[in-house]
There are 2 protein chains.
Amino acid sequence: MATRTDAPTRREQILKEAARLFAERGFHGVGVDEIGAAVGISGPGLYRHFAGKDAMLAELLVGISGQLLTGAKRRLAEADGVPPEAVLDSLIEGHIDFALDDRPLITLHDRELDRLRDSDRKLVRQLQRQYVELWVEIVREVYPELTEPTARSAVHSVFGLLNSTPHLGRPGSLPGRGVTAQLLHRMARGAFGAAGVE
Amino acid sequence: MATRTDAPTRREQILKEAARLFAERGFHGVGVDEIGAAVGISGPGLYRHFAGKDAMLAELLVGISGQLLTGAKRRLAEADGVPPEAVLDSLIEGHIDFALDDRPLITLHDRELDRLRDSDRKLVRQLQRQYVELWVEIVREVYPELTEPTARSAVHSVFGLLNSTPHLGRPGSLPGRGVTAQLLHRMARGAFGAAGVE
DNA sequence: CAGGGAGGTTAGCGGTCGTTAACCTGAAGG
DNA sequence: CCTTCAGGTTAACGACCGCTAACCTCCCTG
């Protein structure tokens with residue numbers, strides 16, 4: 001896989017700053033002038049790169065959902081002959097990496113979905129649903145005692161747990177990335193394990 | 001305890017509808033005319049009851065944090081001689097009740113805090129901090145192997161888990177309130193239990 | 001029965017915001 | 001050297017939105 005070493009394009013700069021600002025103050029709370037200023041150009045200059053403010057949010061949210069789903073699919077594909085426990089661990093790890101590395105995106109992900117045009121929102125929801133179903137399948141292999149609806153609820157709840165990283169204080173105050181990742185991982189496993197004891 | 005049977009005041013109607021609308025479309029995404037329409041009056045009519053749109057959000061958020069903290073304090077006060085496990089269960093139960101009964105408020109709670117005036121935001125954060133500290137204390141009694149920072153992270157994560165109810169589909173699609181509450185409770189306990197195995 | 005406050009109404013002001021229009025500039029290509 | 005075009009700029013428009021002003025109408029009370 002060719003890791004990119006080239007400088008980020010202007011488009012990518014804009015998306016990154018827009019994500020940060022949207023996460024901080026909400027989609028409606030940020031003006032295009034602000035986004036422009038964050039990358040060193042003025043508001044209307046953004047329209048050389050995006051059709052409008054909505055388009056930025058759409059691209060961000062579709063990108064997030066797609067990235068999560070693609071990553072999960074890749075992990076599943078690589079898991080031939082691997083015990084389901086290890087596959088679940090891999091899914092959890094992937095989600096945690098994303099939550100820790102792209103905190104603004106995780107925040108947007110479940111906060112601004114309703115601001116999208118109908119078609120975009122449907123697409124995002126479809127990607128999210130596929131991602132969830134993928135988890136549900138593996139979770140039920142590891143914890144066969146879980147019914148399907150219970151497993152789905154449990155998956156959503158664990159997402160809530162893993163996505164709580166934005167609330168864990170600013171990056172500096174955390175006890176270290178690796179430690180936090182391991183804590184979240186253990187807790188997710190513990191939560192799944194406890195979901196089915198009835 | 002005198003349960004109120006009297007009709008809700010106009011003020012309370014407004015707050016309830018405002019909470020729902022803010023949760024659905026975000027603070028900036030809702031106009032005062034809409035809030036007014038939701039209770040059968042026109043936009044500017046709201047100013048007979050509130051100083052402004054900001055004041056509604058402030059009252060909602062302060063109310064939420066206060067209610068959570070007050071409930072938790074009451075539960076602690078009632079727990080004289082009760083084993084810490086039971087106290088923790090009581091805290092979890094209280095939080096779940098709130099999350100399931102007032103889903104719009106839970107959504108607002110960690111989504112629109114930054115839209116508040118400085119003084120209000122400080123107050124809310126202070127109430128939230130007290131609530132967290134209260135949990136941390138009990139959690140460490142039940143799970144003494146947890147260090148203090150770990151326990152605090154764990155508490156935040158469990159809040160993420162418990163507050164995930166808004167993502168569990170519309171009220172009808174849930175497997176029943178009691179069942180959901182029990183599932184969340186078990187998972188929260190499981191998550192705490194797994195937090196400290198190192 | 002006067003009057004006054006509580007709780008509405010509509011009209012409209014002022015500011016903000018997304019977007020477009022019109023123009024400029026520097027670098028690449030024939 | 002002229003053209004083209006990507007990627008900027010500023011000015012300005014139109015819509016929307018929070019809020020105030022001015023007014024109206026019950027209902028309660030002395």
Side-chain angles (χ1 to χ4, degrees), chain A residues 6-62 104 108 111-121, chain B residues 6-62 104 108 111-121:
Chain A
D6 32 329
T9 70
R10 172 63 28 117
R11 233 173 160 276
E12 290 167 331
Q13 286 180 43
I14 296 172
L15 283 176
K16 186 180 163 196
E17 293 303 310
R20 185 180 54 81
L21 290 167
F22 289 161
E24 278 174 12
R25 299 210 291 283
F27 178 67
H28 291 294
V30 181
V32 289
D33 289 354
E34 256 173 307
I35 303 172
V39 297
I41 68 179
S42 257
L46 296 172
Y47 288 76
R48 298 285 166 196
H49 304 276
F50 294 93
K53 199 181 157 194
D54 300 352
M56 300 181 209
L57 182 64
E59 188 156 328
L60 281 171
L61 293 187
V62 173
L108 281 188
R111 191 169 296 197
E112 307 282 359
L113 182 56
D114 301 321
R115 270 50 125 196
L116 254 48
R117 284 173 30 229
D118 268 28
S119 62
D120 290 324
R121 188 171 55 246
Chain B
D6 33 329
T9 70
R10 173 60 34 113
R11 234 172 160 278
E12 289 166 333
Q13 285 180 44
I14 295 172
L15 282 177
K16 187 180 163 195
E17 295 302 310
R20 185 178 55 81
L21 289 168
F22 288 161
E24 279 173 12
R25 298 210 291 284
F27 179 66
H28 292 295
V30 180
V32 290
D33 289 354
E34 256 173 307
I35 303 173
V39 297
I41 68 179
S42 257
L46 296 172
Y47 288 76
R48 299 284 165 196
H49 304 276
F50 293 92
K53 198 182 157 193
D54 300 351
M56 299 180 209
L57 183 64
E59 187 156 330
L60 282 171
L61 292 186
V62 173
L108 281 189
R111 192 169 294 198
E112 307 283 358
L113 182 57
D114 301 322
R115 269 50 125 196
L116 254 48
R117 283 173 31 227
D118 268 28
S119 62
D120 290 323
R121 188 171 55 247

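These numbers come from a predicted model, not from an experiment. What's counted below: heavy atoms across the whole structure, side chains too, no hydrogens, waters or symmetry copies.
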### Task
Could you check how far CZ of R11(A) sits from P of dA6(D), rounded to whole Å?
14 Å

## Note on the structure
Taken to the nearest whole Å, NE2/H28(A) to P/dC16(D) is 13 Å

### Residue pair E12(A), T9(A): steps toward the side chain to side chain contact (heavy atoms under 4.5 Å, CB included) verdict
CA-CA 5 Å; E12(A) 290 167 331; T9(A) 70; 3.4 Å; yes

Kindly write out the residues that satisfy salt bridge (Lys or Arg N to Asp or Glu O under 4.0 Å) with [X], not counting sequence neighbours, or none if the list is empty.
{"X": "D114(A)", "value": "R125(A)"}
{"X": "R111(A)", "value": "none"}
{"X": "R117(B)", "value": "D120(B)"}

### Task
Could you check if a side-chain atom of E112(B) sits within less than 4.5 angstrom of a side-chain atom of L60(B), using non-hydrogen atoms only?
no

### Interface limits on DNA chain C, where chain A has a heavy atom under 4.0 Å of a nucleotide atom
dG18(C) to dC23(C)

Locate the shortest heavy-atom distance separating [X] from [Y]; write the atom from each residue and the value.
{"X": "L46(B)", "Y": "G36(B)", "result": "CD1-N, 3.8 Å"}
{"X": "D33(A)", "Y": "G43(A)", "result": "OD1-CA, 3.3 Å"}
{"X": "A55(A)", "Y": "A51(A)", "result": "CB-N, 4.1 Å"}
{"X": "I35(A)", "Y": "M56(A)", "result": "CD1-SD, 4.2 Å"}
{"X": "A19(A)", "Y": "P104(A)", "result": "O-CB, 3.9 Å"}

### Message
I need the full list of side-chain hydrogen bond (donor to acceptor under 3.5 Å, both in side chains) pairs touching residues 38-59 of chain B, with sequence neighbours left out, sorted by first then second residue.
### Response
R11(B)-E59(B)

### Query
R121(A): what forms a side chain to side chain donor-acceptor pair (under 3.5 Å) with it, not counting sequence neighbours?
D118(A)

### Query
Tell me, which of residues 14-22 of chain A have any heavy atom that sits under 4.0 Å from an atom in DNA chain D?
none

### Message
I need the residues from residues 38-47 of chain B with at least one non-hydrogen atom less than 4.0 Å from DNA chain D; give them sorted by number, or say none.
### Response
P44(B), Y47(B)

#### Entry: Distance (rounded to the nearest 0.5 Å) between E24(B) CD and L108(B) CG
10.5 Å

Table of protein N/O atoms under 3.5 Å from nucleotides 22-28 of chain D N/O atoms:
none

## Note on the structure
By side chain to side chain contact (heavy atoms under 4.5 Å, CB included), A38(A) pairs with (sequence neighbours left out) E17(A), R20(A), L21(A)

### Query
Which residues in residues 49-59 of chain B have at least one heavy atom lying under 4.0 Å from any atom of DNA chain C?
H49(B)

### Query
Pairs in or reaching into residues 20-45 of chain B: which pass ring-ring contact (aromatic ring centres under 6.0 Å, His included), with residues at least two apart or in two chains?
F22(B)-F27(B)

